[in-house]
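A short write-up of the structure that comes next.
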There are 2 protein chains.
Amino acid sequence: MERQTPVSPPGKLKIINAMRTLLENRTFESLTISEIAVTAGVTEGLIYKYFKDKRDLLHHVLKEHYQLFLVQIERDLQGIDGALNKLKKIIWSSIERYANHRVFARIILLEVRNSEEYFQSEAYDLVRRFNHIIIDIINEGIAAGEIREDLPAGYIRNAIFGTIEHSCLNRVIFNETVSTNDAAKLITDLLFHGIKRSCNGSLPSL
Amino acid sequence: MERQTPVSPPGKLKIINAMRTLLENRTFESLTISEIAVTAGVTEGLIYKYFKDKRDLLHHVLKEHYQLFLVQIERDLQGIDGALNKLKKIIWSSIERYANHRVFARIILLEVRNSEEYFQSEAYDLVRRFNHIIIDIINEGIAAGEIREDLPAGYIRNAIFGTIEHSCLNRVIFNETVSTNDAAKLITDLLFHGIKRSCNGSLPSL
DNA sequence: AAGTTTGGTAAATAATATTTACTTACTATT
DNA sequence: AATAGTAAGTAAATATTATTTACCAAACTT
């Protein structure tokens, strides 16, 4: 028995593409199934053949985005040595992603988290995988003496992502534009050296 | 012409209380207007007399919560000198609030941000006011030489709230329980001194 | 060639947010 | 005291929209 290449039927692809297109200018909640169906050129019923409900369709689109992002991140990290250097790169990549994919920034930061199903979805599985990557790097840094050992790795991860997300949130909500490089540099510096003024605080060696 | 004390009619109060009660165990989206009306002991129509829509009712409940929180914060800060000490207290108060008001933590962190109206609501006005307080403290700290002057105040604020919110998010989603004091201490230490291991990093003087 | 799966349609259903038209009671004014 | 006006509240109608159901046709299996 050969394994069939599970190529998606055209209708399914059209639905997914329509969803992505509509999300470009519209909020998830404001989209109606009928609208999605019309844009995709299929009937409403077909959407429910391939997706459990409207949210499930969103999660699918999001999952595809995360898949690309994870590939990109793995690639970005190649050839970089040292936990702090890796974290620095991850911070940059994350900010760059939010800046260049405003739609997904909006969805991820604002629109998807208010359903319990999201945290059970395959999309969120990929978020977990990403988290693991970070935690591993942090632990590597602690073991190597690069990162303080008196802070739990989970808190460090929360600080990194909390800071990034909160910073990007303002950009999403109020449509501000900031240079990715500047933001990444500032956030890295802040998280690595802290906000307190001290003997070595203002001269980041990195 | 005397100014009338604008005392809320009983129906309105019943609606607000019903909403608060229902939110205790239920997610906002899952609540129906009819359910809220039945719980409040009023008819559905009355809800629309006092609130523009379901969301507006949520924003009202949230606003009342923020009002109490702001009063509490102002009080918490009294008698504390030094920007870093004030920030430390604010971090503690914020974490304490999320820990002791899990319902509002859920609403604020997950359920309310996916509507544009929220960012125009009176509830969000109070968030802005809170933000101003923080920014002022940060600038005070920079002026006094307590806080690094090469980091924009906005980024510092984002780091503080991003870290707090991200940390509390995990607790809300996965129902973890962590001691407020421990979390506050760790987060403060992390933000003040950074994650990088350095000569003075592991011996916080605060 | 018969049976079964797959891609797809079209209309019915059901849930539920919101509106409308209407009552009743109170408050102020002359 | 009569009346106009307003605020609190009701009950039912409406309208939107997600979701389900029943059905069709082509393709694939054996």
Side-chain angles (χ1 to χ4, degrees), chain A residues 1-23 25-62 107 111-112 114-118 121, chain B residues 1-23 25-62 107 111-112 114-118 121:
Chain A
M1 185 142 101
E2 285 299 309
R3 187 217 286 253
Q4 302 293 104
T5 37
V7 57
S8 289
K12 186 172 182 182
L13 290 177
K14 284 196 284 181
I15 292 168
I16 294 167
N17 288 331
M19 185 66 167
R20 246 197 304 263
T21 306
L22 286 169
L23 283 170
N25 311 300
R26 301 275 304 285
T27 161
F28 168 71
E29 267 202 292
S30 78
L31 295 181
T32 70
I33 289 290
S34 116
E35 202 174 1
I36 299 168
V38 168
T39 308
V42 302
T43 57
E44 315 189 5
L46 191 62
I47 295 176
Y48 290 90
K49 276 280 159 63
Y50 297 117
F51 304 100
K52 204 182 127 286
D53 53 23
K54 203 178 133 191
R55 277 222 126 77
D56 187 40
L57 171 55
L58 176 68
H59 294 161
H60 182 87
V61 170
L62 200 53
I107 295 173
E111 296 188 337
V112 89
N114 64 338
S115 83
E116 295 118 352
E117 300 95 49
Y118 171 60
S121 73
Chain B
M1 181 142 98
E2 285 299 309
R3 187 218 284 257
Q4 302 291 103
T5 38
V7 58
S8 288
K12 185 171 182 183
L13 290 177
K14 285 196 284 180
I15 292 167
I16 294 167
N17 288 331
M19 186 64 168
R20 246 198 304 264
T21 306
L22 285 169
L23 282 170
N25 311 300
R26 301 275 304 283
T27 159
F28 168 72
E29 267 202 293
S30 78
L31 295 181
T32 71
I33 289 289
S34 117
E35 202 174 1
I36 298 168
V38 168
T39 308
V42 302
T43 57
E44 315 189 3
L46 190 62
I47 295 176
Y48 290 90
K49 275 279 157 64
Y50 297 118
F51 305 99
K52 204 182 127 285
D53 53 21
K54 202 178 133 191
R55 277 222 127 76
D56 187 39
L57 171 54
L58 176 67
H59 294 161
H60 181 88
V61 170
L62 201 51
I107 295 172
E111 296 188 336
V112 90
N114 63 338
S115 83
E116 294 118 352
E117 301 96 48
Y118 170 60
S121 74

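Remember, it's a predicted structure, so these values are computed and weren't measured experimentally. Reminder, nothing fancy here: chain letters follow the sequence lines and each chain counts from 1.
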Separation of C:dT18 atom P from B:F51 atom CZ, nearest Å, is 13 Å
Check side-chain hydrogen bond (donor to acceptor under 3.5 Å, both in side chains) between A:S115 and all other residues, then give those that pass, not counting sequence neighbours.
-> A:R55
Considering non-hydrogen atoms only, spot the tightest contact between A:N114 and B:E111 and give its length.
-> CB-CA, 3.9 Å
note: B:M19, atom CE; C:dA17, atom P; distance rounded to Å ~ 10 Å
In whole angstrom, give the distance that lies between atom NZ of B:K14 and atom P of D:dA8.
-> 13 Å
Name all pairs fulfilling the salt bridge (charged side-chain N to carboxylate O under 4.0 Å, His left out) condition that reach into residues 13-22 of chain A, sequence neighbours left out, sorted by first residue then second.
-> A:R20-A:E64
Residues in side chain to side chain contact (heavy atoms under 4.5 Å, CB included) with A:S30, at least two apart?
-> A:R26, A:T27
Report each atom pair, protein N/O against N/O of nucleotides 12-17 of chain D, whose distance is under 3.5 angstrom.
none

Rounded to whole angstrom units, what separation is found between the CG atom of B:L46 and the C1' atom of C:dA21?
-> 16 Å
Contacts under 3.5 angstrom, residues 38-46 of chain B side chains, donor-acceptor by atom type, not counting sequence neighbours:
{"residue": "B:T39", "atom": "OG1", "partner": "B:E35", "partner atom": "O", "Å": "2.8"}

N or O in side chain of A:Y48 less than 4.0 angstrom from D:dT21 OP1/OP2 = no
Any N or O donor-acceptor pair linking the side chain of B:K49 to the base of D:dG9 at under 3.5 Å?
-> yes
Going from NE2 on B:H59 to CG on B:L62, what distance comes out if it is rounded to the nearest 0.5 angstrom?
-> 7.0 Å
Gap between atom CD1 of B:I36 and atom CG of B:L57 - 0.5 Å precision = 5.5 Å
Using whole Å, report how far CD1 of A:I47 lies from P of D:dT21.
-> 17 Å
A:E116, CD: over 12 other non-hydrogen atoms inside 6.0 angstrom = no
Proximity to the side chain of B:T43 - top-ranked nucleotide from D:dT10, C:dT9, D:dA8 = D:dT10
For atom CZ of A:R55 and atom P of D:dA18, their distance in whole Å = 12 Å
Locate the shortest heavy-atom distance separating A:Y48 from A:D53; write the atom from each residue and the value.
-> CE2-CA, 4.0 Å
Return the value, rounded to whole Å, for the distance between atom CZ of B:F28 and atom C1' of C:dA17.
-> 11 Å
Per the end-axis method with five pairs at each terminus, what is the bend angle of the helix from C:dA1-D:dT30 to C:dT30-D:dA1, to 10°?
-> 0°
Once you round it to whole Å, what is the distance between C1' of C:dT5 and OH of A:Y50?
-> 12 Å
